[in-house]
2 protein chains.
Amino acid sequence: MRMVRAGLTADRVTLAGAELADEVGLDHVTMSAVARRLGVKDASLYAHVRNLEDLRGRIALLAADEKTIRIAEAIAGRAGKDALVAYANAYRQYAHDHPGRYTATQIPIQIDPELLAGAPGPRRAVELTYSMLRAYALREPDLTDAVRIMRSMLHGFVSLEAAGGFAHARPVEDSWLRCVDGLHTLLEHWPAHDEGDPA
Amino acid sequence: MRMVRAGLTADRVTLAGAELADEVGLDHVTMSAVARRLGVKDASLYAHVRNLEDLRGRIALLAADEKTIRIAEAIAGRAGKDALVAYANAYRQYAHDHPGRYTATQIPIQIDPELLAGAPGPRRAVELTYSMLRAYALREPDLTDAVRIMRSMLHGFVSLEAAGGFAHARPVEDSWLRCVDGLHTLLEHWPAHDEGDPA
DNA sequence: GGCTCTTCCTAGTAGCCCTAGTTTAAGCCT
DNA sequence: AGGCTTAAACTAGGGCTACTAGGAAGAGCC
């Protein structure tokens, strides 16, 4: 019996869970599997993490932070279409590099509020997106609509791609370029507001 | 002991699973829960469905069929922007009415090929989308790109909405209108192909 | 009525989440 | 250094889940 004390912390448990998620998929991340990976009995994890749902929430926050940092680095010093392309590519690249973590960011949000308060990722991500899109001369409420559309497009493309939804012969990479391109033109030529809105 | 023979079939099991998915979420659809709902022991289900994964695949196919039918009805007799709007609204409405079934359609595809061959939904859905977008004077490979972009946008919006990702004060309904509107203008003014593509 | 077929059952294994209570390693204090 | 405190990790166990194997009992056919 070694019994050398594994030196667990909430962060180490979360990291092990995140790695596991990338390797085998988020919904194969079980307490038992994480414990095995850490060389520990599953009951030991409960000293650091409330339960499985809490662990998944922590993985989601970790991923949000990492993704935000990558995007921030990517768009630093860029503007306009350059910034948009850099943003989109960084977003997609993160999802490719960390598929399990990425899916964790998309779970219906029920994260411990106290935990969320300590993580800058989600809030900062929103700020980044807004400030980047402000360059397109959009004002509220169009700005919010634009943010939502951009998020929809990126998340939709990336998650369909991950689910194997693009089976056609056409290379996905090419479609991606057109997608980001289209997003740019859409933001540039934001449609006038007054059509078909009788209210 | 009643023992009146519940009259199960694969379809009835699938339907029970689909209803359950809409009520409690797809990943709370368990063999035990479906069996309880049908007044049957869980072991009895395995005569009709191979295992849980198979059941989920069947739910996905059921949903694909239903969704396709709704969209087909919605766009029947319409063209151009009318058709696009009807398509998008039917798509979103289905996801609202059947959230569990909808998420089932987005699982990484590992459906029994034989089963898939018998279900017209997925193939027909692709055909519908292609034929509708052909009205926008798009030719390959732009057509495929357009289909992918449209699917990305719709799926992205709907799934972010379902995940509670749109917390801002701005009504989601308004953003949705702008989103579909933007998609239309994007398809109408499809960007020229020759920019930034030096290869 | 007897035969067969399928349906549905009981029984059982193994894995999962999580709790309660116990042992023991690590760090501090004198 | 030896003893105390803290908390890290354990053992034990309950309850739920997926799934398998083999048995009983309805339904239709002769």
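Note on naming: letters A, B, ... go to the chains in the order of the sequence lines (proteins, then strands), and numbering restarts at 1 for each one.
- OP1 or OP2 of D/dA9 has at least one side-chain nitrogen or oxygen of A/His48 nearer than 4.0 Å.
- Of all nucleotides listed (D/dA18, D/dA9, C/dC9), D/dA9 comes nearest to the side chain of A/Leu8.
- Contacts of A/Ala47 with the nucleic acid, taken as non-hydrogen atoms under 4.0 Å apart, are absent.
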Could you go through B/His48 and B/Thr9, starting from their C-alpha distance and side-chain angles, then the distance that decides it, and tell me whether this counts as side chain to side chain donor-acceptor pair (under 3.5 Å)? CA-CA 6 Å; B/His48 307 280; B/Thr9 65; over 6 Å; no

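- If you measure from atom CG of A/Leu38 to atom P of D/dA8, you get 14 Å, rounded to the nearest angstrom.
- Across D/dC10, D/dC19, C/dC17, the shortest atom-to-atom separation from the side chain of A/Ala43 is found for D/dC10.
- Across the protein-nucleic acid pair, A/Asp27 atom CG and D/dA18 atom P stand 14 Å apart, rounded to whole Å.
- When the P atom of C/dC9 is taken as reference, atom CG of B/Asp42 falls 10 Å away, rounded to whole Å.
- Residue B/Arg50 places no side-chain N or O under 4.0 Å from the OP1 or OP2 atom of D/dA18.
- The phosphate of D/dA8 (OP1 or OP2) has no side-chain N or O of A/Ser44 nearer than 4.0 angstrom.
- In this structure, A/Thr30 does not reach the C/dG15 phosphate: none of its side-chain N or O atoms is under 4.0 Å from OP1 or OP2.
- If you check the side chains of A/Arg148 and B/Ser175, you find a donor sitting under 3.5 Å from an acceptor.
- The interatomic distance linking A/Tyr46 (OH) with C/dG21 (P) rounds to 17 Å, in whole Å.
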Report the C-alpha separation of B/Asp181 and B/Lys81 in whole Å, then their side-chain angles, then the decisive distance to 0.1 Å, and conclude whether the salt bridge (Lys or Arg N to Asp or Glu O under 4.0 Å) test is met. CA-CA 9 Å; B/Asp181 231 59; B/Lys81 186 175 179 181; 2.9 Å; yes

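- Separating the CG atom of B/Leu55 from the P atom of D/dT17 is a distance of 15 Å, rounded to the nearest angstrom.
- Contact check, A/Arg36 against C/dC16: a side-chain N or O comes under 4.0 Å of OP1 or OP2.
- Taking atom CE of A/Met31 as the reference point, atom P of D/dA9 lies 14 Å away to the nearest angstrom.
- Separating the CG atom of B/Asn51 from the P atom of D/dA18 is a distance of 11 Å, rounded to the nearest angstrom.
- A side-chain donor from one of A/Tyr136 and A/His184 sits under 3.5 Å from a side-chain acceptor of the other.
- Using a cut-off of 4.0 Å between Lys/Arg side-chain N and Asp/Glu carboxylate O, A/Glu23 and A/Arg37 are scored as salt-bridged.
- The NZ atom of A/Lys41 sits 18 Å away from the C1' atom of C/dG21 (whole-angstrom rounding).
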